[in-house]
Amino acid sequence: MQGEIVLVTGGAGYIGSHTVVELFNAGYTPVIIDDFRNSQPWVIDRIAKITKVAPIFHAIDCQDQTAVFEMVKNYKNALGLIHFAADKAVGESVQKPVQYYQNNIGSLCTVLNALKEFGINNLVFSSSCTVYGETDTPVVTEQSPVKKATSPYGDTKITCEKLIQFNAEALQYFGATLLRYFNPIGAHPSGLIGELPQGVPNNLMPYITQTAKGIREKLTVFGDDYNTKDGTNIRDYIHVVDLAKAHVKALQYLDDSAEKKCSIFNLGTGKGTSVLELIIAFENINQLKLNYEIGPRRIGDVAQIYANAEKAKEALDWACEFTLEDALKHSWNWEKGI
């Protein structure tokens, strides 16, 4: 039902901020909860500029149960909560495993306790294709086995998914959608919001744009000896606005479902693109040259993975609208304007 309140943890972050915009576009009233550890407070102003509405926000660490409870009790009638708040980089998680387990799992526990306490029954969870680990085949469906994690980050997502599934079994009135993202890239077409890494980027796309801008001296491609068409990793790169719209669809799906349950959806384009293909496409579309070199493999990376997203298309009535070229153009426009 349009006009209803939707709580969004991590709502000032990369995917969260774009989802807040799409919630506004769909007629909802999003409420942002964020401690700005992976974002900046001025993102709130940018969202307002795009939507022409000043969003409600609360500067809260989702691990702080007292603060979360005090806030959520003011929104007992919320339609649901979309949970983004988490640390998210594979490489960083290998270096900082305790931080990842403490924040990612701890914040989810706090959120689930608050939802139960105040009778909010719909949860959309930000998960990841990393739960599939080293896959048996490059393309995965929701029925593909969840493998042993190749990184602490991946293991936190597996654990969080299990926790939500057990919670849904324990509470008959509680429903959830687990959205397994592939590789979000791009930025809002307005150029006002986009990926904003703190310090050295851990994800490929912002490292590409920062190298193009001269912030970074060069880009390192982590390995060219994988069993792929050009030896570099293959990923499924999805435009962040398409991903954001899927969250709105997932919330509507929960609201429309007569029987509360836990559902899983892959979110991707269904097409694999190698790291070198992405670099070359970025250079061609934006008419520039990147300074890059080939380095050793990075611990935790899988060779190739991309989505079969047919289930999301059918159940959520969702499909990607933006192309890879759109995403690369929008990423560069965003970087130039920061």
Does [Y] offer a backbone N or O that forms a donor-acceptor pair with the side chain of [X] under 3.5 Å?
X    : Y    : value
K157 : T130 : no
N104 : D87  : yes
T137 : V139 : yes
D242 : F322 : yes
K311 : I264 : yes
H239 : E321 : no

Does K76, at its NZ atom, have more than 12 non-hydrogen atoms belonging to other residues, nucleotides or ligands within less than 6.0 Å? no
CD1 (I338) with more than 12 external heavy atoms under 6.0 Å: yes
Hey, mind stepping through Y153 and E92 against side-chain hydrogen bond (donor to acceptor under 3.5 Å, both in side chains) and telling me if it holds? CA-CA 8 Å; Y153 166 72; E92 183 185 53; over 6 Å; no
Aromatic centroids of F118 and F69 separated by under 6.0 Å: yes
Taking the six-membered ring for Trp and the single ring otherwise, decide whether the centroids of H247 and Y181 are under 6.0 Å apart. yes
I want to check a possible cation-pi pair here: K260 against Y173, using under 6.0 Å from ring centre and within 45° of the ring axis as the test. no
Please determine whether side-chain contact (heavy atoms from CB on, under 4.5 Å) holds for the pair V90 and N202, giving the CA-CA distance in whole Å, both sets of side-chain angles, and the decisive distance to 0.1 Å. CA-CA 8 Å; V90 169; N202 287 294; over 6 Å; no
So which heavy atom on [X] is nearest to which on [Y], and how close?
X    : Y    : result
K329 : N286 : CA-OD1, 3.9 Å
Y207 : P201 : CD1-O, 3.6 Å
E195 : P206 : OE1-CD, 3.3 Å
A246 : L179 : O-CD1, 4.5 Å
Q210 : P197 : NE2-CG, 3.7 Å
N266 : A307 : CB-CB, 4.4 Å

Going by heavy atoms in the side chains, are T150 and E134 under 4.5 Å from each other? yes
Taking the side chain as everything from C-beta on, heavy atoms only, tell me whether F36 gets closer than 4.5 Å to F57. yes
Quiz question: by atom type and distance under 3.5 Å, do the side chains of T110 and N113 form a donor-acceptor pair? no
I'd like to know if the side chain of Q63 pairs up with that of N103 as donor and acceptor (distance under 3.5 Å, no hydrogens or angles considered). yes
Working to the nearest 0.5 angstrom, can you tell me the gap between W332 CH2 and Q287 CD? 12.5 Å
Which value, rounded to the nearest 0.5 Å, describes the distance between Y28 atom OH and I5 atom CD1? 13.0 Å
Working note: E117 + K73, criterion salt bridge (Lys or Arg N to Asp or Glu O under 4.0 Å); need CA distance, chi angles, decisive distance, verdict. CA-CA 8 Å; E117 178 72 17; K73 76 177 183 181; over 6 Å; no
Can you check side-chain contact (heavy atoms from CB on, under 4.5 Å) on V94 and R298, steps first, answer last? CA-CA 10 Å; V94 175; R298 183 173 59 180; over 6 Å; no
Are Y132 and V302 close enough, and set up right, to give a side-chain contact (heavy atoms from CB on, under 4.5 Å), and what steps lead you there? CA-CA 10 Å; Y132 296 116; V302 299; over 6 Å; no
List the steps, then state whether side-chain hydrogen bond (donor to acceptor under 3.5 Å, both in side chains) holds for Y101 with D155. CA-CA 9 Å; Y101 282 90; D155 196 52; 2.7 Å; yes
Determine the sole option in T228, D224, D230 for which the side-chain hydrogen bond (donor to acceptor under 3.5 Å, both in side chains) test with S274 is passed. D230
